[in-house]
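Structure, as structure tokens:
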Amino acid sequence: MLMKSLDRLEETLDMETSALMARDLSNLDEFNRRKSQCLLEISRIVRTAEISALDPKATKRLQNLQGKIEQNQDILRRHMHAVQEVASIISNAIQKAESDSTYSAHVAKTGYGA
């Protein structure tokens, strides 16, 4: 049961990471839903299982999955940073467009009528 849940999570992570690298953001909601479902399944299994009794194959599988999770987090972090940068640029452009330059640096330095 655990291995099937890990398979589903790994497949979802691979698909999401590939989509993000291809800049295809159309299925992010679905990936998020699937990851949440997988994590719920895994947490339920782990709660009832004896963790110390995991066989070496399962342990190795979890280590590999950790690497995929870290890769997925890294690319998600990069996308979020890019979104923040774009939002900042847009926000600055809107503020500049709405400003009537009454309190601009130029007026402060040279005074009115300069």
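In this chain, numbering begins with 1 at the start of the sequence shown. Keep in mind it's a predicted model, so treat the numbers as computed, not measured.
Partners of D14 according to the side-chain hydrogen bond (donor to acceptor under 3.5 Å, both in side chains) rule, which considers only residues two or more places apart in sequence or in another chain, are K68. Judged as a side-chain hydrogen bond (donor to acceptor under 3.5 Å, both in side chains), and not counting sequence neighbours, the contacts of E85 are H81. The side chain to side chain contact (heavy atoms under 4.5 Å, CB included) test applied to K4 returns R8, not counting sequence neighbours. With sequence neighbours excluded, the residues satisfying side chain to side chain contact (heavy atoms under 4.5 Å, CB included) with L76 are E16, L20, K35, N72. Judged as a side-chain hydrogen bond (donor to acceptor under 3.5 Å, both in side chains), and not counting sequence neighbours, R44 has no contacts. Legend: residues meeting side chain to side chain contact (heavy atoms under 4.5 Å, CB included) with D7, ordered by chain and number and at least two apart, are R61. Residues satisfying the side-chain hydrogen bond (donor to acceptor under 3.5 Å, both in side chains) criterion with E70, sequence neighbours excluded, are Q66. M1 meets the side chain to side chain contact (heavy atoms under 4.5 Å, CB included) test with I45; sequence neighbours excluded.
For residues 18-31, every residue pair satisfying the salt bridge (charged side-chain N to carboxylate O under 4.0 Å, His left out) rule, not counting sequence neighbours, is listed here: E30-R33.
Hydrophobic cluster of I94: the remaining members, joined at side-chain heavy-atom separations below 4.5 Å, are V86, I90, listed by chain and number.
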Margin query: side chain to side chain contact (heavy atoms under 4.5 Å, CB included), that's the test. Do K60 and N64 meet it? Break it down for me.
Written below: CA-CA 6 Å; K60 179 68 175 165; N64 290 340; 4.0 Å; yes

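R34 contributes atom CZ, which lies 12.0 Å from atom CG of N32 (distance to the nearest 0.5 angstrom). Residue L62 holds its CG atom at 5.5 Å from CG of L6, rounded to the nearest 0.5 Å.
Scanning both residues, E41 and S5, for their nearest heavy atoms gives OE1-OG, 2.9 Å. The nearest pair of heavy atoms linking L9 to C38 is N-SG, 3.5 Å.
Side-chain atoms of H79 and I75, non-hydrogen and from C-beta on, do get closer than 4.5 Å to each other.
Taken together through direct or relayed side-chain contacts under 4.5 Å among Ile, Leu, Val, Met, Phe, Trp and Tyr, F31 and M21 form part of one hydrophobic cluster. Cluster membership check: L40 does not share its hydrophobic cluster with L13, using side-chain heavy-atom separations under 4.5 Å among Ile, Leu, Val, Met, Phe, Trp and Tyr.
Within a 6.0 Å sphere centred on CE of M15, heavy atoms belonging to other residues, nucleotides or ligands number more than 12.
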